[in-house]
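Basis for what follows: all heavy atoms, side chains included, without hydrogens, waters or symmetry-related copies.
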Amino acid sequence: MGSELAHFALVDVNNFYVSCERVFQPRLERVPLVVLSNNDGCAVARSSEVKALGVRMAAPWFELKDLAAKHGIKALSSNYTLYGDMSERVVSILRDFSPDIEVYSIDESFLRIDTVLHLYPSSLALGELIRGRIRQWTGLPVCVGMGGSKTLAKLANHLAKKHAVFNGVCDLNALSDEVVRHWMRATDVGEIWGVGRKLSLRLKAMGMQTVWDLRCASLKTLRAQFGVVMERIGSELNGVSCLELEEIVPDKQQIIASRSFGRAVTSFEELAESVATHIARACEKLRAQHSVAAIAQVFVQTNRFKLNEPQYNPSIAIGLAEPCDDTLVFTDAAIAGLRRIFKAGYRYKKAGVMLGAISAKAKQQQGLFDDTAMQQRSAALMRVMDALNTRFGKRAVHSAAMGNTMGWGMRSENRSPNYTTQWDELPFVK
DNA sequence: TCTGGGGTCCTAGGACCC
DNA sequence: TCTGGGGTCCTAGGACCC
């Protein structure tokens with residue numbers, strides 16, 4: 001059960017990927033800029049100038065080319081190494097402000113602040129301090145939203161972003177009831193955290209257009225019509241905190257690695273190389289959280305946007321006799337699976353793998369007939385492989401199945417240097 | 001030519017058991 | 001003639017998030 005005293009802050013970097021790029025290329029400031037998804041497919045981050053042009057989230061880049069030419073929109077490929085590193089810097093700054101922090105996503109963290117507010121003149125003063133320090137130490141602009149539940153903090157953050165009057169910091173707890181009502185009435189119900197497209201339509205069909213309408217709905221009705229999730233949202237909007245801060249990151253229950261191809265792929269051999277590559281990445285993630293998995297699922301897909309091409313999207317799950325974390329074991333299993341679902345004659349666009357039935361390696365049961373010597377060899381080999389790949393680059397040591405050419409690899413035509421993580425890519429100041 | 005990737009939670013319904 | 005009901009586990013699918 002939540003506490004009535006709970007007071008949360010949500011700190012969110014504005015246009016995160018775009019802002020990261022601008023830190024290292026200040027000449028991109030005020031230039032309409034998008035960062036593209038993997039394979040240079042969609043605009044997954046947009047600068048404010050681009051948003052103002054009406055470009056929606058995940059708009060396909062090829063559809064934007066005309067608009068881009070007209071308004072001088074610049075596009076960068078995504079550089080997740082850079083964003084991940086910048087993200088860690090922001091989080092380490094936030095930890096100085098509160099010991100209770102949930103890193104919710106690469107650009108957002110929740111903080112419990114009722115425990116530290118006595119150290120500051122006001123919640124707004126704290127918010128401004130956070131904003132200022134992150135800007136000064138990383139160059140990134142953030143907004144801070146605060147409220148009596150995580151849902152309210154999210155809402156406050158949305159208001160802080162959208163409305164200049166807040167100057168980047170909004171605490172719903174510091175506003176009068178009338179003012180809160182005004183903003184809730186002015187905000188579409190679809191902006192609430194947890195209310196997506198479908199639920200938004202259903203709520204509106206029932207006469208709930210704004211945040212305020214939902215806030216005033218009876219919890220019983222919400223429970224009956226929508227289930228426990230919406231009931232919780234209703235409570236949270238009323239300042240009753242139901243969602244705890246999740247400070248400990250739980251182990252993944254499922255690990256996915258997949259990519260679209262840079263071009264259509266037709267041969268079994270190339271599909272197998274990509275599947276082996278994805279398995280290697282998935283198993284690295286598995287070992288990083290000290291887990292083992294018992295199921296590997298393999299899938300391949302044709303291009304769902306090519307309506308005139310024959311479609312085929314099979315998947316297959318392969319169970320292992322013993323859960324393990326060995327890339328080579330999973331590679332064999334996955335390729336065997338691929339062999340069973342592969343059909344010639346299709347133009348494949350994407351392949352991927354999913355590891356499931358994941359458990360902690362430390363709790364692994366020893367089987368009666370396990371080959372202990374074999375297991376030790378496997379563990380040693382994986383340790384060496386991970387160490388070499390960390391030190392010398394991702395594909396320094398890899399299974400033969402992964403191949404060497406990567407002809408199917410993704411497009412990434414305009415990626416910025418790894419300014420903060422590679423010595424030879426550090427920015428120069430002339 | 002060109003359309004991302006990776007996750008979670010909840011619910012409904014079927015299989016199975018006693 | 002008369003043909004239960006409740007519990008658990010698992011899976012698929014839907015909805016959401018960034």
- Nearest listed nucleotide, side chain of I256(A), among dG4(B), dG7(B), dT8(B): dG7(B)
- Just to confirm, is there a sub-4.0 Å distance from OP1 or OP2 of dG6(B) to any side-chain nitrogen or oxygen of R281(A)? yes
- Note on the structure: Out of dC18(C), dC16(C), dG5(B), minimum distance to the side chain of K198(A) belongs to dC16(C)
- Query: Do W183(A) and H163(A) have ring centroids that are under 6.0 Å from one another?
  - Reply: yes
- Query: V44(A) has a side chain; which of dG4(B), dT8(B), dC18(C) sits nearest to it?
  - Reply: dG4(B)
- Residue L199(A), side-chain heavy atoms: nucleotide from dA15(C), dT3(B), dG6(B) that is nearest: dA15(C)
- Task: Could you please name the option among dC18(C), dG6(B), dC10(B) that lies closest to any side-chain atom of V228(A)?
- Result: dC10(B)
- Of the candidate nucleotides dC2(B), dG6(B), dG7(B), which contains the atom at the shortest distance from the side chain of K252(A)? dG7(B)
- Query: To the nearest angstrom, how far is R415(A) atom CZ from dG4(B) atom P?
  - Reply: 19 Å
- Atom of I358(A), atom of A293(A) and distance for their closest heavy-atom approach: CG1-CB, 3.9 Å
- If you look at every heavy atom in N389(A) and V397(A), which pair is closest and at what distance? OD1-N, 2.8 Å
- Item | Minimum-distance nucleotide (side-chain atoms of R411(A) versus dA15(C), dG4(B), dC2(B)) | dC2(B)
- Query: Looking across every strand, which nucleic acid part, if any, lies under 4.0 Å from D40(A) by heavy atom: base, sugar-phosphate, or nothing?
  - Reply: nothing
- Message: Taking only side-chain N and O atoms of S260(A), does any of them lie within less than 4.0 angstrom of OP1 or OP2 on dT3(B)?
- Response: no
- Starting at CG of N157(A) and ending at P of dC17(C), how long is that distance when rounded to a whole Å? 15 Å
- Message: Between R89(A) and D85(A) (salt bridge meaning N to carboxylate O under 4.0 Å), is one present in this structure?
- Response: yes
- Could you give the distance separating dC18(C) and dC2(B) at their P atoms, to the nearest angstrom? 30 Å
- CD1 of I295(A) versus C1' of dC10(C): gap in Å, rounded? 11 Å
- Note on the structure: Taken to the nearest whole Å, CD/E231(A) to C1'/dC16(C) is 18 Å
- Aromatic centroids of F110(A) and W193(A) separated by under 6.0 Å: yes
- Item | Nucleotide dG5(B), atom P - distance to CD of Q297(A) in whole Å | 17 Å
- Would you tell me if any nitrogen or oxygen in the side chain of K154(A) comes within less than 4.0 Å of OP1 or OP2 on dC18(C)? yes
- Message: Using a 4.0 Å heavy-atom cut-off, does I106(A) contact any base of the nucleic acid, only the sugar-phosphate backbone, or nothing at all?
- Response: nothing
- Nucleotide of dC2(B), dC10(B), dC16(C) approaching V229(A) most closely (side-chain heavy atoms): dC10(B)
- Item | Separation of dG6(B) P from M354(A) CE (nearest whole Å) | 11 Å
- Message: From OH of Y104(A) over to C1' of dG7(B), roughly how many Å is that when rounded to an integer?
- Response: 10 Å
- Upstream residue (5' side of DNA chain B) when K285(A) and R56(A) are each assigned their closest nucleotide: R56(A)
- Query: Between dC2(B), dG6(B), dG4(B), which one does the side chain of K65(A) approach most closely?
  - Reply: dC2(B)
- Please determine if a side-chain N or O atom of K349(A) lies less than 4.0 Å away from the OP1 or OP2 oxygen of dT3(B). yes
- Mind checking the P distance from dC17(B) to dT3(C)? Whole angstroms is fine. 24 Å
- Answer with base, sugar-phosphate or nothing: what part of the nucleic acid does I192(A) contact at a heavy-atom distance below 4.0 Å? sugar-phosphate
- Message: Over all strands shown, is A59(A) touching base, sugar-phosphate only, or nothing at heavy-atom distances under 4.0 angstrom?
- Response: nothing
- Message: What's R197(A) touching, base or sugar-phosphate or nothing? Going by heavy atoms closer than 4.0 Å.
- Response: sugar-phosphate
- Message: Quick check: closest heavy atoms across S315(A) and Q297(A), and the distance to 0.1 Å?
- Response: OG-NE2, 3.6 Å
- Whom does dG6(C) pair with, Watson-Crick or G-U wobble, provided both distances fall under 3.5 Å? dC17(B)
- Please check the phosphate of dG5(B) (OP1 and OP2 only) for any side-chain N or O of K350(A) closer than 4.0 Å. yes
- Message: Categorize N39(A) for me: base, sugar-phosphate, or nothing, with a 4.0 angstrom heavy-atom threshold over every strand shown.
- Response: nothing
- Task: Would you tell me if any nitrogen or oxygen in the side chain of R232(A) comes within less than 4.0 Å of OP1 or OP2 on dC10(B)?
- Result: yes
- Task: Answer with base, sugar-phosphate or nothing: what part of the nucleic acid does E108(A) contact at a heavy-atom distance below 4.0 Å?
- Result: sugar-phosphate
- Task: Return no unless some side-chain N or O of R202(A) is found under 4.0 Å from OP1 or OP2 of dA15(C).
- Result: no
- Item | Minimum-distance nucleotide (side-chain atoms of A58(A) versus dT3(B), dG4(B), dG7(B)) | dG4(B)
- Task: Answer yes or no: is there an ion pair linking R22(A) with E49(A), defined by an N-O contact shorter than 4.0 Å?
- Result: yes
- Message: From CD of Q254(A) over to P of dG6(B), roughly how many Å is that when rounded to an integer?
- Response: 11 Å
- Message: My understanding is that only one of R287(A), K285(A), K361(A) makes a salt bridge (charged side-chain N to carboxylate O under 4.0 Å, His left out) with D325(A); could you say which?
- Response: K361(A)
- Message: Let me spell it out: for each of R223(A) and C42(A), pick the nucleotide of DNA chain B with the closest heavy atom. Which residue's pick is nearer the 5' end?
- Response: C42(A)
